[in-house]
Amino acid sequence: MAESIFDIPGFTFFAEKNNFSGSALKTFNYKIWYGEQFTVKVWYGVNCYSCTDESEIVAEMTAEFIPESLKEIKVWLEGQLEIFKNKN
């Protein structure tokens with residue numbers, strides 16, 4: 001299996017109450033929040049999340065807050081990146 005473009009931290013990072021954001025291909029952006037469940041949002045452009053209007057969020061998912069969900073999140077992000085590539 002090819003290595004994922006998304007280098008998401010391990011579960012302990014999120015269990016310590018940290019959020020994580022990243023990007024790919026310069027304008028594909030995502031942020032992962034910890035909580036009772038993981039929340040993941042995707043947007044396009046050059047702005048960080050705090051400078052992005054909620055109407056610019058192109059995709060969102062939630063997943064159970066367990067270590068196994070991180071693999072599910074990576075797969076989902078890879079799918080979202082393919083959608084992004086096909087639009088550009």
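What you see is a predicted model; the values in this text were computed from it and never measured.
To the nearest 0.5 angstrom, Met61 atom CE is 4.0 Å from Glu72 atom CD. Note: Ile83 CD1 to Tyr44 OH = 6.5 Å, rounded to the nearest 0.5 Å. Atom OG1 of residue Thr62 and atom CD of residue Gln37 lie 4.0 Å apart, to the nearest 0.5 angstrom. In this structure, the separation between CG on Asn18 and CZ on Phe13 is 4.0 Å, given to the nearest 0.5 Å.
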Worked check of side chain to side chain contact (heavy atoms under 4.5 Å, CB included) between Phe14 and Trp33:
CA-CA 8 Å; Phe14 296 101; Trp33 287 266; over 6 Å; no
In sequence, state the C-alpha distance, the side-chain angles, and the governing distance for Tyr49 and Trp43, and then conclude on ring-ring contact (aromatic ring centres under 6.0 Å, His included).
CA-CA 8 Å; Tyr49 179 78; Trp43 69 99; 5.4 Å; yes
Verdict with supporting geometry, Trp76 and Phe6, ring-ring contact (aromatic ring centres under 6.0 Å, His included)
CA-CA 11 Å; Trp76 182 79; Phe6 299 103; 9.5 Å; no
Take Asn29 and Val42, measure what side chain to side chain contact (heavy atoms under 4.5 Å, CB included) needs, and give me the verdict at the end.
CA-CA 6 Å; Asn29 306 290; Val42 171; over 6 Å; no
Would Ile32 and Phe38 count as a side chain to side chain contact (heavy atoms under 4.5 Å, CB included) if you check the C-alpha gap in whole Å, the side-chain angles of each, and the deciding distance to 0.1 Å?
CA-CA 7 Å; Ile32 305 168; Phe38 284 109; 3.8 Å; yes
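Side chain of Ser69 to backbone of Glu64: a donor-acceptor contact under 3.5 angstrom is found. Looking at Glu56, its side chain does come within 3.5 Å of a backbone N or O of Asp53 through a donor-acceptor pair. Although no hydrogens or angles enter the test, the distance criterion places a donor-acceptor pair under 3.5 Å between the side chain of Asn19 and the main chain of Tyr34.
Contact between Glu78 and Ile5 at its shortest, heavy atoms only, is OE2-N, 4.5 Å. Closest heavy-atom contact between Glu36 and Phe65: O-CB, 3.5 Å. Contact between Leu81 and Ala24 at its shortest, heavy atoms only, is CD1-CB, 4.3 Å. Listed here is the closest heavy atom pair of Ile8 and Ile73: CD1-CG2, 4.0 Å. When every heavy atom of Leu70 is checked against every heavy atom of Pro9, the shortest pair comes out as CD1-O, 3.7 Å. Between Phe11 and Ile66, the closest heavy-atom pair is CE1-C, 3.6 Å.
Counting non-hydrogen atoms of other residues, nucleotides and ligands closer than 6.0 Å to CG of Asn86 gives a total above 12.
Between Lys31 and Val40 the shortest side-chain heavy-atom distance does not fall below 4.5 Å.
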